[in-house]
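Only one structure is covered here, and it is reproduced in the block below.
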2 protein chains.
Amino acid sequence: MRIDYHFSMQRTNQQQRANQQQTVLRALGEADGPLSARELWSRLIGSGKSVGLATVYRALQRGVEEGTLESVEGLGRGVRYEPKDREHHHHFLCSTCDHAFDLFGCVEGLDSLVPDGFQMTGHEVVLLGTCDACGNAA
Amino acid sequence: MRIDYHFSMQRTNQQQRANQQQTVLRALGEADGPLSARELWSRLIGSGKSVGLATVYRALQRGVEEGTLESVEGLGRGVRYEPKDREHHHHFLCSTCDHAFDLFGCVEGLDSLVPDGFQMTGHEVVLLGTCDACGNAA
DNA sequence: GGAGAAATGATAATCAATTCTCACATTATT
DNA sequence: AATAATGTGAGAATTGATTATCATTTCTCC
């Protein structure tokens, strides 16, 4: 009796096989705002890059550990990630497409909001509304 | 012959039996900031009120449906709830105890952050840091 | 007081996000 | 090449939040 294993060697994908995590981090770096693991994965798949979701998580986790990435909470649910080398900025969250866009600039008058005895170490500003694309699509 | 039924009438709790949802909503109304379902439940239990977690969820859900409550995302993970009749305000999120506190006042210069073509319908400001209690406990 | 509607609490089911596992692939080291 | 160390993808397992279910218990209105 003979057992024939033809596991697929088909998926060897030699083109896109340098270091998948590099691919992941590069894609995040090119984004116009912070992305969740799944958003990032979708973009990669959508652009023809074949990576596993687990690899995306690994790349993000490692990026945070190594200090090149930063996790961003406070944008709807879920956690998003962005490169840590960006200048101080805030985000615009489109309620239609749920994408988060980087903004430039900051605001005044935050200190006056801090209650007595509280120590402020940071702040987040999120603008809500409709992005250009979604506004025009309406 | 006489049969004595002493089924437990013990847990009749007539004190706290008006309407559990009222109890839940009242507790939320007395809080100094938005609470998650679980936070609210913990407070109730902690203060001797016996309510089921499911009831807390039901009360919150209904409050939102009826328009008396508002869900607040953007404070760390999870969703919190607050009465809708509060004036426009923002929050301070303590990174130690993870409690969210209401703040008074707002900020200037938000409009200038909105990119061309985007429509802003709202905004959130979250201050991060250490609350009074946690700061002193250190 | 009684009947049906609504509320309640315990717990199971669901769901999405994240992590884990493992067989295999790739790279690095001799 | 040989071996070891690390990376990878697929899917299973885990986790936490929320919702659904169901047997009781209360409420409401007659």
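Note that the coordinates shown come from a computational prediction; the quantities given were computed from them, not determined experimentally. Chain A is the first sequence line, chain B the second, and so forth, proteins listed ahead of strands; every chain is numbered from 1.
No salt bridge links A/R80 with A/D102; every basic N to acidic carboxylate O contact stays at or beyond 4.0 Å.
When rounded to the nearest whole Å, the span between CD of B/E66 and P of C/dA6 equals 14 Å. In this structure, the CG atom of B/L35 is 13 Å from the P atom of D/dT18, given to the nearest Å. In this structure, B/E39 atom CD and D/dT18 atom C1' are separated by 16 Å, rounded to whole Å. Going from atom CG of A/D98 over to atom P of C/dA17 covers 11 Å, rounded to whole Å. In this structure, B/Q22 places its CD atom 14 Å from C1' of D/dC27, rounding to the nearest Å. For the pair B/W41 CH2 and D/dT18 P, the interatomic distance rounds to 14 Å; values are reported in whole Å. To the nearest angstrom, P of D/dA20 lies 15 Å from CZ of B/R62. Remark: C1' of C/dT8 and NZ of B/K49 are 17 Å apart, rounded to the nearest angstrom.
Checked against side-chain contact (heavy atoms from CB on, under 4.5 Å), B/F101 has the following partners two or more places apart in sequence or in another chain: A/F118, B/D32, B/F92, B/C94, B/H99, B/C131.
For D/dT18, the OP1/OP2 oxygens have a side-chain nitrogen or oxygen of B/Y57 closer than 4.0 Å. Proximity of A/Q21 to the phosphate of D/dG7: no side-chain N or O atom is located under 4.0 Å from OP1 or OP2. One finds no side-chain N or O of B/R58 lying less than 4.0 angstrom from the OP1 or OP2 phosphate oxygen of C/dG9. For D/dT6, neither phosphate oxygen OP1 nor OP2 lies less than 4.0 angstrom from any side-chain nitrogen or oxygen of A/N19. For the OP1/OP2 pair of C/dG9 and a distance below 4.0 Å, the side-chain nitrogens and oxygens of B/T55 include at least one atom meeting the criterion. A close approach under 4.0 Å does occur between a side-chain nitrogen or oxygen of B/Q20 and OP1 or OP2 of C/dG9.
Distances were taken from every side-chain heavy atom of B/Q61 (C-beta onward) to each of C/dA10, D/dT19, C/dT18; the shortest belongs to D/dT19. Side-chain proximity of A/R38 to the nucleotides C/dT18, D/dG9, C/dT8 is greatest for C/dT18.
The backbone N or O of A/S50 sits less than 3.5 Å from a side-chain atom of A/Q20, completing a donor-acceptor pair.
Comparing A/S36 and B/G52, the nucleotide of DNA chain C nearest to each residue sits closer to the 5' end for B/G52. In terms of position along DNA chain D, the nucleotide closest to A/L53 lies nearer the 5' end than the nucleotide closest to the other residue of the pair A/L53 and B/G78.
B/R77 comes within 4.0 angstrom of no nucleic acid atom, judged by non-hydrogen atoms across all strands.
A 4.5 Å side-chain heavy-atom check between A/L127 and B/H123 finds at least one atom pair inside the cut-off.
The environment of CD in B/Q21 is crowded: more than 12 heavy-atom neighbours from other residues, nucleotides or ligands sit within 6.0 Å.
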